[in-house]
Asks: 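Here you go, one structure.
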Amino acid sequence: QVQLVESGGGLVQAGGSLRLSCAASGRTFSSFGMGWLRQAPGKEREFVAAISRLGISTYYADFVKGRFTISRDNAKNTVYLQMNSLKPEDTAVYYCAAYSGTFYYGRQFDYWGQGTQVTVSS
């Protein structure tokens with residue numbers, strides 16, 4: 001069992017920045033790859049970014065366009081999502097998730113946090 005708790009969401013103006021954090025507990029953090037996904041009102045949940053177990057490889061959705069950066073600190077059992085140049089269409093609930101094994105686009109994640117709200121105003 002893995003417990004994931006997101007924080008760092010809030011209200012920001014378009015063009016601003018936020019850093020989301022996800023604290024993990026319950027199992028060895030470095031055993032899992034980690035990812036961020038988001039869901040906007042009336043839309044399906046979509047993949048944002050992922051990072052491999054040791055942080056060597058990262059994966060991003062096309063819409064990131066160089067604006068977001070995923071990172072992890074295994075000593076702190078924490079994964080981060082740095083979001084810059086935010087747009088109103090980035091408004092969503094952002095979820096932290098964990099996966100085991102090899103990453104591939106479209107894969108399912110094994111554990112989920114409860115999400116943190118990000119709202120970007122125009």
Side-chain angles (χ1 to χ4, degrees):
Q1 184 67 38
V2 174
Q3 294 81 46
L4 304 173
V5 180
E6 303 95 334
S7 62
L11 176 64
V12 66
Q13 298 294 124
S17 298
L18 285 173
R19 187 177 74 161
L20 306 184
S21 299
C22 174
S25 63
R27 291 187 182 178
T28 302
F29 179 66
S30 60
S31 296
F32 298 92
M34 301 294 296
W36 290 94
L37 304 95
R38 71 186 188 184
Q39 187 167 25
K43 298 182 180 179
E44 295 185 349
R45 191 170 296 182
E46 63 181 349
F47 170 78
V48 176
I51 187 166
S52 62
R53 183 175 63 87
L54 298 179
I56 296 172
S57 300
T58 56
Y59 313 88
Y60 295 97
D62 289 341
F63 61 74
V64 171
K65 305 292 186 183
R67 299 181 298 127
F68 294 1
T69 302
I70 188 170
S71 61
R72 67 189 297 162
D73 186 341
N74 287 354
K76 296 182 178 180
N77 291 349
T78 303
V79 63
Y80 305 94
L81 184 68
Q82 179 67 47
M83 304 185 293
N84 299 325
S85 301
L86 284 162
K87 306 173 181 179
E89 52 262 45
D90 293 319
T91 296
V93 176
Y94 283 72
Y95 297 89
C96 177
Y99 68 91
S100 58
T102 302
F103 178 84
Y104 58 90
Y105 288 98
R107 71 159 292 155
Q108 300 298 302
F109 288 76
D110 301 310
Y111 301 97
W112 294 81
Q114 297 207 26
T116 185
Q117 177 70 47
V118 171
T119 303
V120 184
S121 62
S122 60

Asks: Roughly how far apart are Ile70 CD1 and Tyr60 OH, rounded to 0.5 Å?
Replies: 6.5 Å

Asks: So, taking the atom named CZ in Phe29 and the one named SG in Cys22, what distance separates them when rounded to the nearest 0.5 Å?
Replies: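 Answer rounded to 0.5 Å: 7.0 Å.
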
Asks: Say whether Phe32 and Phe103 are linked into one hydrophobic cluster, either directly or through other cluster members, by side-chain heavy-atom distances under 4.5 angstrom.
Replies: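 Hydrophobic grouping puts Phe32 apart from Phe103.
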
Asks: As a quick check of understanding, evaluate side chain to side chain contact (heavy atoms under 4.5 Å, CB included) for Val118 and Met83, giving each step before the final call.
Replies: CA-CA 10 Å; Val118 171; Met83 304 185 293; 3.9 Å; yes

Asks: Could you state whether Val64 and Tyr95 fall into the same hydrophobic cluster, counting links through intermediate Ile, Leu, Val, Met, Phe, Trp or Tyr residues with side-chain heavy atoms under 4.5 angstrom apart?
Replies: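 Looking at the clustering, Tyr95 is in a separate group from Val64.
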
Asks: Parallel, tilted or perpendicular: which fits the ring planes of Phe109 and Phe47, with parallel below 30° and perpendicular above 60°?
Replies: parallel

Asks: Where do Leu37 and Ala97 come nearest, in terms of heavy atoms and distance?
Replies: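 Looks like CD1-CB, 3.8 Å.
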
Asks: Verify the cluster assignment for Tyr99 and Tyr80: are they in a single hydrophobic cluster under the rule of side-chain heavy atoms below 4.5 Å apart?
Replies: no

Asks: Quick one: closest heavy-atom pair of Ala14 and Pro88, and the distance?
Replies: CB-CD, 4.2 Å

Asks: Give, for atom CG of Asn77 and atom CD of Gln3, the distance between the pair rounded to the nearest 0.5 Å.
Replies: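 Going from CG on Asn77 over to CD on Gln3, the span is 11.5 Å.
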
Asks: Where do Thr78 and Ser21 come nearest, in terms of heavy atoms and distance?
Replies: CG2-CB, 4.3 Å

Asks: Please confirm whether the backbone N or O of Gly33 pairs with a side-chain atom of Ser52, one donor and one acceptor, at under 3.5 Å?
Replies: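 Between the backbone of Gly33 and the side chain of Ser52 there is no qualifying donor-acceptor contact (under 3.5 Å).
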
Asks: Tell me whether the NZ or CZ atom of Arg38 lies within the 45° cone about the ring axis of Phe63 and under 6.0 Å from its centre.
Replies: yes

Asks: More than 12 heavy atoms of other residues, nucleotides or ligands under 6.0 Å from CD of Gln117: yes or no?
Replies: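 Yes, because the 6.0 Å sphere around CD of Gln117 holds more than 12 heavy atoms from other groups.
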
Asks: If Ile, Leu, Val, Met, Phe, Trp and Tyr residues are connected whenever their side-chain heavy atoms lie under 4.5 Å apart, and connections chain through other members, are Trp112 and Trp36 in the same group?
Replies: no

Asks: On a heavy-atom basis, which atom in Thr91 and which in Val120 lie closest, and how many Å separate them?
Replies: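 Minimum heavy-atom separation between Thr91 and Val120: OG1-N, 2.9 Å.
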
Asks: Nearest 0.5 Å, what's the OG-CZ distance between Ser17 and Phe68?
Replies: 9.5 Å

Asks: Between Tyr105 (side chain only) and Ala61 (backbone N and O only), is there a donor and an acceptor less than 3.5 Å apart?
Replies: no

Asks: Using a distance-only test with no angle check, is there a side-chain donor-acceptor pair under 3.5 angstrom linking Asn74 and Ser30?
Replies: no

Asks: Look at the side-chain heavy atoms of Ile, Leu, Val, Met, Phe, Trp and Tyr, link any pair under 4.5 Å apart, and say whether Val2 and Val79 land in one connected group.
Replies: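 Yes; Val79 is reachable from Val2 via cluster members.
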
Asks: Looking at OG1 of Thr116 and CG of Leu81, how far apart are the two atoms once the value is rounded to the nearest 0.5 Å?
Replies: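 Reported to 0.5 Å precision, the distance equals 11.0 Å.
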
Asks: How long is the gap from OG on Ser85 to NZ on Lys87, to the nearest 0.5 Å?
Replies: 8.0 Å

Asks: Under the 3.5 angstrom rule, does the side chain of Glu6 hit a backbone N or O of Cys96 as a donor-acceptor pair?
Replies: yes

